[in-house]
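Reading through the structure tokens given below for one structure.
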Amino acid sequence: MSDATVTQRTEDDALALQPIELSMQGALNLALRDALASDDRVLVFGEDVGVLGGVFRVTDGLQADFGADRVFDTPLAEAGIIGLGIGLAMAGWRPVAEIQFDGFVFPAYDQLVSQAARIRTRTRGAFDMPLTVRVPSFGGIRAPELHGESLETYFMHVPGLKVVTPSTPHDAYHLLRASIASPDPVIFMEPKSRYWNRGVVDRSRPDAIGARLVRPGKHVTLICWGSMVARCEQVAELAAEDGIEVEVLDLRWLTPLDEDAIARSVEHTRRAVIVHEAPLTAGPGAEIAALISSRCFRSLKAPVERVTGFDVPTPAGDLEDEFIPNIDRIMFGLQRVLEFRA
Amino acid sequence: MSDATVTQRTEDDALALQPIELSMQGALNLALRDALASDDRVLVFGEDVGVLGGVFRVTDGLQADFGADRVFDTPLAEAGIIGLGIGLAMAGWRPVAEIQFDGFVFPAYDQLVSQAARIRTRTRGAFDMPLTVRVPSFGGIRAPELHGESLETYFMHVPGLKVVTPSTPHDAYHLLRASIASPDPVIFMEPKSRYWNRGVVDRSRPDAIGARLVRPGKHVTLICWGSMVARCEQVAELAAEDGIEVEVLDLRWLTPLDEDAIARSVEHTRRAVIVHEAPLTAGPGAEIAALISSRCFRSLKAPVERVTGFDVPTPAGDLEDEFIPNIDRIMFGLQRVLEFRA
Amino acid sequence: MTRLGLRNCKALERGASVTDDALEGDTLVAPLNEALLKRAYELMYFTRLLDSALVTWQRQGLIPAYPPMIGQEAAQVGSALALDRDRDFVFPTYRELGVAVAWGVDLSGYLANHSGHWHGGRWNAAESRFAPIQAVVGGGVTHAVGWALGRRLDGASAVAIAYLGDGASSEGDVHEAMNFAAVLRAPVVFFVQNNRWSLSVPLERQVAGGSVAARAAGYGIPGVVVDGDDLLAVYQATSDAAAHARSTGGPIIVEAMTYRRGPHATSDDTGRYRTIDDELSAGEDPLDRLLATLHEAGIADDAWLAEVAQNAEVRVEELRLSTAGTEPIHGAEMFDLVFAESTPQLQRQQAHWREESDHV
Amino acid sequence: MTRLGLRNCKALERGASVTDDALEGDTLVAPLNEALLKRAYELMYFTRLLDSALVTWQRQGLIPAYPPMIGQEAAQVGSALALDRDRDFVFPTYRELGVAVAWGVDLSGYLANHSGHWHGGRWNAAESRFAPIQAVVGGGVTHAVGWALGRRLDGASAVAIAYLGDGASSEGDVHEAMNFAAVLRAPVVFFVQNNRWSLSVPLERQVAGGSVAARAAGYGIPGVVVDGDDLLAVYQATSDAAAHARSTGGPIIVEAMTYRRGPHATSDDTGRYRTIDDELSAGEDPLDRLLATLHEAGIADDAWLAEVAQNAEVRVEELRLSTAGTEPIHGAEMFDLVFAESTPQLQRQQAHWREESDHV
Ligand SMILES: Cc1ncc(C[n+]2csc(CCOP(=O)(O)OP(=O)(O)O)c2C)c(N)n1
Ligand SMILES: Cc1ncc(C[n+]2csc(CCOP(=O)(O)OP(=O)(O)O)c2C)c(N)n1
Ligand SMILES: [Mg+2]
Ligand SMILES: [Mg+2]
């Protein structure tokens with residue numbers, strides 16, 4: 001290779017790595033594109049991800065650019081999709097499967113829990129399981145039943161699965177790249193309601209480890225992830241008007257939990273509110289609340305609050321706003337912990 | 001009917017209701033038998049429950065006595081079994097389905113989560129869903145992989161499912177009768193390791209509501225259910241030798257949780273240890289610990305301890321004892337809460 | 001294999017080989033009489049109008065989304081008319097407007113699902129003998145088997161009809177359902193609308209072998225392929241199938257070859273995955289075909305047709321008004337229907353909810 | 001439908017109708033030569049001895065449980081010998097001792113599963129090209145499809161063989177796997193050991209239509225029924241099937257009709273659900289049948305047979321010793337294999353575990 005070529009290449013790369021403004025959908029598409037380009041063992045498949053480019057267009061154009069062997073549609077069967085991914089991984093590929101909507105993870109659940117999550121253990125490490133499962137997740141888009149579920153618990157409780165969800169385009173890019181690079185199965189939950197929100201993606205600044213401190217504050221910690229982060233930032237903004245300094249922590253990884261980041265923040269603020277869309281009981285907030293209550297036992301000034309979906313089947317569009325934590329409910333949660341007197 | 005017949009009947013009934021000593025397996029068999037006899041809408045089905053009488057003989061003799069229309073074998077397909085149960089319930093039957101082992105719930109999980117649990121909501125109450133799903137559960141019998149799983153979380157987080165598990169033959173009888181009588185889907189987890197332990201079943205003393213105080217004590221509450229209750233009683237016995245009075249609470253129902261019983265006990269003892277076989281993270285103990293930490297915030301003298309299975313795939317027989325909470329580990333848990341100084 | 005009314009069905013040439021060895025006990029039902037033919041046309045006409053209106057209403061923002069069924073009117077109306085509303089039971093998918101119309105389901109209740117008022121719809125599923133809209137592809141097919149078995153055990157000669165698409169046939173649940181129905185003897189008509197698309201995926205990349213009815217032989221049950229755009233053929237095939245299920249107590253597959261002429265749903269852009277040529281392969285419109293039959297038989301004069309059109313328009317307008325004016329369901333109902341009786345947890349959550357959010 | 005070596009197979013009379021329209025590209029593999037025949041007999045003999053020994057060891061308390069495969073030696077050894085250990089891959093169930101033997105899997109590692117040392121077994125699954133023991137009925141069949149597709153995409157002419165039982169055929173996963181393999185073109189041999197029982201449930205209450213291979217036609221793929229107790233027939237059918245998969249890149253179903261002569265597992269009591277007459281219907285022992293063939297061909301003298309027996313006994317005794325003496329796996333390994341790298345949570349839990357329990 002001549003020097004000129006190298007220089008050219010480097011300049012292209014540098015150019016390519018300029019920060020760009022993208023929607024989260026665009027960032028995810030770019031991450032898949034870069035993964036496919038940089039590692040020819042990466043495969044992308046699922047229902048309608050090929051020709052159509054996915055119902056949310058996250059895989060738009062990938063089949064055209066990388067061919068129908070690497071980006072392809074499967075028949076309509078979720079267990080088949082995950083089982084296929086497991087076998088592909090065993091054959092040395094790096095599969096990125098899509099389950100079209102959160103609610104349709106369940107037909108594949110056996111393959112995730114009893115198979116994908118256990119291959120490493122079952123084979124005593126003879127096989128890696130670099131399977132990424134992209135799942136458009138959470139509510140907020142007025143979709144039909146089972147198109148707006150929040151499945152954190154269903155994944156967090158499974159030993160052998162990693163679980164992650166981005167809240168910004170930048171994080172979406174880097175977390176998806178990290179998930180695909182992972183030698184372990186990762187459930188990548190994409191917050192549907194944030195697909196079209198834009199932000200700057202800087203590919204030269206990878207950032208995919210642990211939680212992200214979104215906003216520092218000293219009176220109370222708001223713990224959130226995925227679809228709820230933007231709302232929690234709004235709440236923090238509003239609270240600031242009343243002189244309340246809310247620290248907002250975006251967990252990003254639900255497995256493994258960044259316990260140190262959580263504890264550090266709550267040791268500092270001594271109060272915590274957890275916000276999630278999933279139902280309350282045995283929800284993701286249960287583990288986090290239990291953890292804080294234990295690790296910050298001495299410093300905690302009020303019981304940890306959980307502002308969450310209710311213990312009801314996630315309702316239809318018209319009632320969605322009654323179910324998903326809204327600003328009022330989060331505010332009430334803050335108030336409860338701030339006003340609590342032991 | 002002549003008076004003589006009536007008197008005879010009454011005497012038979014009285015006789016029939018005499019307390020009897022039975023294994024838990026026998027008590028469950030009797031409960032099914034009584035349910036089949038007293039309500040001709042009850043059906044019992046699953047893999048190998050008919051001719052064979054179930055791999056644990058819980059349905060032994062039922063097909064012979066009630067006929068192959070009411071007690072029958074299905075093909076080997078768990079989604080099919082639960083889907084069948086849903087349809088039978090819609091046709092006015094009261095189905096009692098068996099999933100042969102805990103680990104094989106997952107192929108049916110979609111039918112449980114997205115279907116059975118939601119039929120009432122989806123039809124705005126036009127249909128009850130009196131489906132009971134019996135699941136031989138938990139470890140302790142040196143079984144192969146996926147025959148010793150503890151699935152509480154997987155059920156507790158699902159709005160629309162009730163979840164219960166007995167620890168004694170008496171409870172097994174009454175809780176199963178209550179489950180079958182319930183107009184809502186109930187997951188009935190049978191602790192395999194306790195199938196052959198005997199106890200007195202008194203059918204004239206129904207007791208199926210809420211938690212059960214197994215042993216009163218004032219220094220610390222041990223919270224447990226199903227397979228762990230006997231072990232916790234042993235621990236309490238041992239602790240008593242050191243002058244520590246352990247209160248043992250058998251939750252029985254994981255959904256709905258008997259929060260008042262939990263809070264009452266912990267308000268009194270001011271310390272709590274939760275014991276379960278399921279993995280720690282997002283396990284059933286997370287919800288209970290979060291609950292206690294919140295409701296008993298002022299009185300709690302130490303962080304709630306969770307003595308649980310680890311965040312690893314439930315291991316094989318040889319390592320089972322390393323995974324399931326043993327007496328030593330529970331003792332350490334007690335010690336940690338008792339010695340904690342704020 | 002039984003093939004009925006195959007006037008215009010390319011897909012059939014691909015050579016499914018279905019045996020009808022097991023097809024026994026059929027009682028041929030009286031062929032469609034004049035009144036029934038006209039009734040079918042009315043229903044199809046109204047269905048078409050309402051289906052198109054729903055697409056418009058979605059564009060106008062009246063409803064959030066809708067999966068059109070244009071082109072499947074003969075398959076849906078023909079099959080529904082062949083069953084007995086007083087004893088049979090329908091297990092629909094999400095694209096069964098024509099079935100709901102022909103079955104007489106309360107349509108404003110039906111539309112509640114597409115309006116985002118209530119998942120599953122807002123009619124009485126038990127009284128209407130029409131299960132809620134099913135969001136999980138293939139998710140309700142095993143329920144049909146359970147229901148049918150349950151009624152057989154009751155000694156009732158009732159049949160369940162399970163609607164499913166070509167895409168649904170790939171789901172494991174559908175296989176389990178068919179095998180269960182055959183082994184346990186459940187009188188189910190598995191009614192496959194093979195509309196040659198599953199969202200963006202064409203039949204040949206979905207159904208190995210090309211035909212769902214061809215799988216019947218593997219279960220030792222009868223399978224029938226029918227021209228799904230021929231109302232008479234669909235009615236006849238489904239009547240025969242129901243009679244078979246009723247008299248033998250066992251299942252049967254009917255595969256109606258049709259075409260999804262519209263997008264998958266209002267949000268879908270078919271231009272991304274199919275060509276005009278694809279769409280032209282749909283063949284003649286099922287409504288036109290039935291109309292031609294009516295004309296041939298000399299039983300449709302202009303006055304009657306005008307009346308049909310007029311009635312349909314009036315009803316569609318009524319539904320527009322009822323849809324626009326439907327009282328939203330009160331949020332409290334979320335909490336009331338989880339269990340037969342509420343729990344302390346739900347009561348507490350409901351109390352919080354009442355205090356902390358604004359409600360209409 | 002292709003039927004091979006049907007000497008003694010009642011179940012076949014029930015009339016599965018499988019087409020072999022799609023069976024193309026087959027290269028007939030050289031028939032078993034003398035050396036191979038003798039090798040097959042040795043493997044079957046050894047398998048039988050080890051299988052019986054395992055039942056004894058279970059009774060003696062050496063191992064907790066075991067699912068005997070007695071009677072399935074021809075099906076297992078014949079199919080395994082027909083594949084290529086250097087490029088193909090086996091996806092077994094939990095009853096595949098004969099396959100493991102013929103494939104050359106490290107048997108003391110294999111037995112670790114039945115000894116309760118380690119779920120899935122303790123051999124190197126990647127190097128042996130033999131997936132771990134699968135506890136979920138039907139659970140590994142889709143993996144075979146993925147693996148085979150993956151190798152096809154690599155341009156390798158490698159075949160996956162997925163073992164499954166008659167019972168497994170009822171699971172939705174198996175249907176999804178077959179349809180995927182056909183649609184996506186994955187070179188998989190679905191090798192069904194139809195041993196006429198799924199635990200206590202007989203074939204006729206399990207497999208509607210009576211034959212799994214009969215379902216092949218519905219997927220537009222070839223299906224073959226073979227006398228599973230005839231070593232030659234099994235070998236030939238599986239060789240042909242593998243050649244078909246290798247050359248076309250597509251799947252095929254081979255159904256070996258056999259009989260589960262033993263209990264489902266050592267804990268099982270067959271007297272509760274099947275009669276002596278049932279058991280007699282199993283027909284002639286596959287080992288005896290192969291021995292007769294060897295005798296007919298004049299290639300098995302007493303000295304050789306004695307040597308076969310002697311070698312088998314020595315090896316079984318070695319395995320008894322290794323099984324009795326296997327170092328148990330250290331509990332710490334539980335924590336090491338959850339992820340490629342440990343997490344703080346796992347490290348903390350492991351530390352607790354180390355301090356709070358007694359370990360060997
Ligand atoms: C289990 C499941 N997976 C995926 C989806 C998303 N989805 C909805 S409809 C559809 C295509 C269905 O095709 P088909 O069964 O042929 O019915 P049609 O839409 O043609 O009426 C898909 C992929 C779903 N609703 N459920
Ligand atoms: C998903 C699942 N359901 C149930 C079981 C319990 N079980 C183990 S083997 C078996 C019967 C399997 O029959 P078949 O597939 O014919 O194989 P065979 O035992 O005859 O070799 C059952 C019901 C299981 N292991 N996995
Ligand atoms: Mg379709
Ligand atoms: Mg079998």
Side-chain angles (χ1 to χ4, degrees), chain A residues 78-79 103-114 117-118 120-122 145-146 149 152-160 254-257 278-295 297-298 300 302-306 309-315 340 342, chain B residues 78-79 103-114 117-118 121-122 145-146 149 152-160 254-257 278-298 300 302-306 309-315 340 342:
Chain A
E78 290 74 14
F104 311 131
V105 159
F106 296 119
Y109 200 58
D110 180 58
Q111 284 294 332
L112 288 169
V113 176
S114 299
R118 291 175 179 242
R120 180 183 302 283
T121 291
R122 204 178 279 156
E145 194 186 3
L146 293 161
E149 307 291 311
E152 298 95 314
T153 285
Y154 297 99
F155 301 132
M156 289 170 69
H157 188 49
V158 184
L254 279 314
T255 302
L257 278 173
L280 176 75
T281 296
E287 179 59 43
I288 302 163
L291 202 87
I292 295 172
S293 302
S294 172
R295 278 193 57 168
F297 187 79
R298 291 188 181 86
L300 214 50
V304 178
E305 271 293 321
R306 292 184 270 165
F310 303 109
D311 289 349
V312 310
T314 302
F340 183 88
Chain B
E78 289 73 14
F104 312 130
V105 159
F106 296 119
Y109 200 57
D110 180 58
Q111 283 294 333
L112 287 170
V113 176
S114 299
R118 291 173 178 243
T121 292
R122 203 177 279 155
E145 194 186 5
L146 292 162
E149 307 291 310
E152 299 94 314
T153 286
Y154 297 99
F155 300 131
M156 288 169 71
H157 189 50
V158 184
L254 279 315
T255 302
L257 279 172
L280 176 75
T281 296
E287 179 59 44
I288 301 163
L291 202 85
I292 295 172
S293 302
S294 173
R295 279 195 56 169
C296 310
F297 187 80
R298 291 186 181 87
L300 215 49
V304 178
E305 272 292 323
R306 292 183 271 165
F310 303 109
D311 289 349
V312 309
T314 302
F340 183 88

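Here is the naming used below: chain letters follow the sequence lines, and residue numbers restart at 1 for every chain. None of the values given here were measured: they were computed from a predicted structure.
- Both the backbone and the side chain of Thr281(A) come within contact range of chain B, each with at least one heavy atom under 4.5 Å from a heavy atom of that chain.
- In this structure, the portion of Glu145(B) lying under 4.5 Å from any heavy atom of chain A is its side chain and not its backbone.
- For a residue to count as touching a neighbouring chain, one of its non-hydrogen atoms must lie under 4.5 Å from one of that chain's; by this rule Ala302(A) touches chain B with the backbone only.
- In terms of non-hydrogen atom pairs under 4.5 Å with chain B, the most contact-rich of Gly283(A), Ala278(A), Gly160(A), Pro284(A) is Gly283(A).
- Ranked by heavy-atom pairs under 4.5 Å with chain B, the first of Gly285(A), Ala117(A), Ser114(A) is Ser114(A).
- There is no contact between Gln111(A) and chain B, counting heavy-atom distances below 4.5 Å.
- The residue among Arg122(B), Glu287(B), His157(B) with the most heavy atom pairs within less than 4.5 Å of chain A is His157(B).
- Using a 4.5 Å cut-off between heavy atoms, Ala79(B) makes no contact with chain A at all.
- Annotation: side chain of Leu300(B) is in contact with side chain of Phe297(A) (closest heavy-atom distance under 4.5 Å).
- Residues Thr153(B) and Thr153(A) form a side-chain contact, since some pair of their non-hydrogen atoms from C-beta on lies under 4.5 Å apart.
- Contacts of Val113(A) with chain B are made by side-chain atoms alone, with heavy-atom separations under 4.5 Å and no backbone atom involved.
- Of all non-hydrogen atoms in Ser293(A) and Pro303(B), the two that sit nearest each other are O-CB, 4.4 Å.
- Contact check for Leu146(B) versus Arg118(A): side-chain heavy atoms found under the 4.5 Å cut-off.
- For the residue pair Ala290(A) and Ala286(B), the shortest heavy atom distance occurs at CB-O, 3.8 Å.
- Note on Pro313(A), Ala108(A), Ser294(A), Pro315(A): by heavy-atom pairs under 4.5 Å with chain B, the leading option is Pro313(A).
- The minimum heavy-atom distance linking Ala282(B) with Met156(A) is given by the pair CB-CB, 4.1 Å.
- Between Asp110(A) and Gly103(B) the shortest heavy-atom distance is OD1-O, 4.3 Å.
- Both the backbone and the side chain of Val158(A) come within contact range of chain B, each with at least one heavy atom under 4.5 Å from a heavy atom of that chain.
- Neither the backbone nor the side chain of Phe104(A) comes within contact range of chain B; no heavy atom of the residue lies under 4.5 Å from a heavy atom of that chain.
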